[in-house]
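One is the number of the first residue; the rest follow in order along the sequence.
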Amino acid sequence: MEKQIKTIFGTVETVIDEVQTGIEKELQPVRKSILKRFPTLFLLAVTFGVSLVFYSIEVLLANNPLVNDHPWATLGIGLMILVITGTLYRKLS
């Protein structure tokens, strides 16, 4: 029974890999042609999106009483988050 389940999962994984490879092969020329035709427009759109995200985070944090009342605590929390994520990144890669 367990061998049959492993075989079924192996078959499913094979089909998923084949579909993913096929989709990537089909989309790659379109993706490249869009970037080649409109590099400036794409760059502006990405820049605009990143700017909106940063501005939204800034507004959310500026309106948060915890951040306004305890700036040293929030700085410490932010630094701890950066250290933890950096450590995880180093361990995972």
Side-chain angles (χ1 to χ4, degrees):
M1 180 73 173
E2 187 176 318
K3 188 175 183 178
Q4 290 176 342
I5 292 174
K6 287 182 181 180
T7 305
I8 291 172
F9 282 129
T11 306
V12 171
E13 286 177 355
T14 304
V15 171
I16 290 173
D17 288 341
E18 289 174 1
V19 170
Q20 184 178 4
T21 304
I23 290 173
E24 285 294 323
K25 285 181 182 178
E26 291 295 322
L27 290 180
Q28 191 171 9
V30 174
R31 192 179 311 144
K32 284 185 177 181
S33 66
I34 290 173
L35 288 176
K36 285 182 181 177
R37 283 189 278 170
F38 308 108
T40 305
L41 184 62
F42 185 74
L43 179 64
L44 288 173
V46 170
T47 304
F48 186 69
V50 169
S51 299
L52 283 177
V53 169
F54 281 135
Y55 179 72
S56 300
I57 290 173
E58 180 183 349
V59 169
L60 288 172
L61 291 176
N63 292 332
N64 189 338
L66 177 67
V67 175
N68 289 329
D69 295 341
H70 308 288
W72 288 106
T74 55
L75 176 66
I77 291 170
L79 289 175
M80 283 191 323
I81 290 172
L82 289 175
V83 167
I84 290 169
T85 55
T87 304
L88 284 173
Y89 179 77
R90 191 177 330 136
K91 284 184 180 181
L92 294 176
S93 63

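By the 4.5 Å side-chain criterion applied to Ile, Leu, Val, Met, Phe, Trp and Tyr, Leu92 is assigned to no cluster and stands alone. Members clustered with Leu43: none, using a 4.5 Å side-chain heavy-atom cutoff among hydrophobic residues. Here Leu60 is tied to no hydrophobic group at all, with no ILVMFWY side chain closer than 4.5 Å. Hydrophobic cluster membership of Val53, counting Ile, Leu, Val, Met, Phe, Trp and Tyr whose side-chain heavy atoms lie under 4.5 Å apart directly or via other members: Ile57, Leu61, Val67.
A donor-acceptor pair under 3.5 Å is formed between the side chain of Asn68 and the backbone N or O of Ala62.
For Val19, the side chain to side chain contact (heavy atoms under 4.5 Å, CB included) partners at least two apart in sequence or on another chain are Val15, Ile23. Scored by the side chain to side chain contact (heavy atoms under 4.5 Å, CB included) test, Ile77 finds Ile81 as partners (sequence neighbours excluded).
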Take Tyr55 and Val59 through the side chain to side chain contact (heavy atoms under 4.5 Å, CB included) test and state the conclusion after the steps. CA-CA 6 Å; Tyr55 179 72; Val59 169; 3.6 Å; yes
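Smallest separation of non-hydrogen atoms from Leu66 and Thr74: O-CG2, 4.0 Å.
Of the inter-residue distances, the one linking Leu79 atom CG with Ile84 atom CD1 reads 11.0 Å to the nearest 0.5 angstrom. Atom CD of Glu58 is separated from atom CG of Asn63 by 10.0 Å, given to the nearest 0.5 angstrom.
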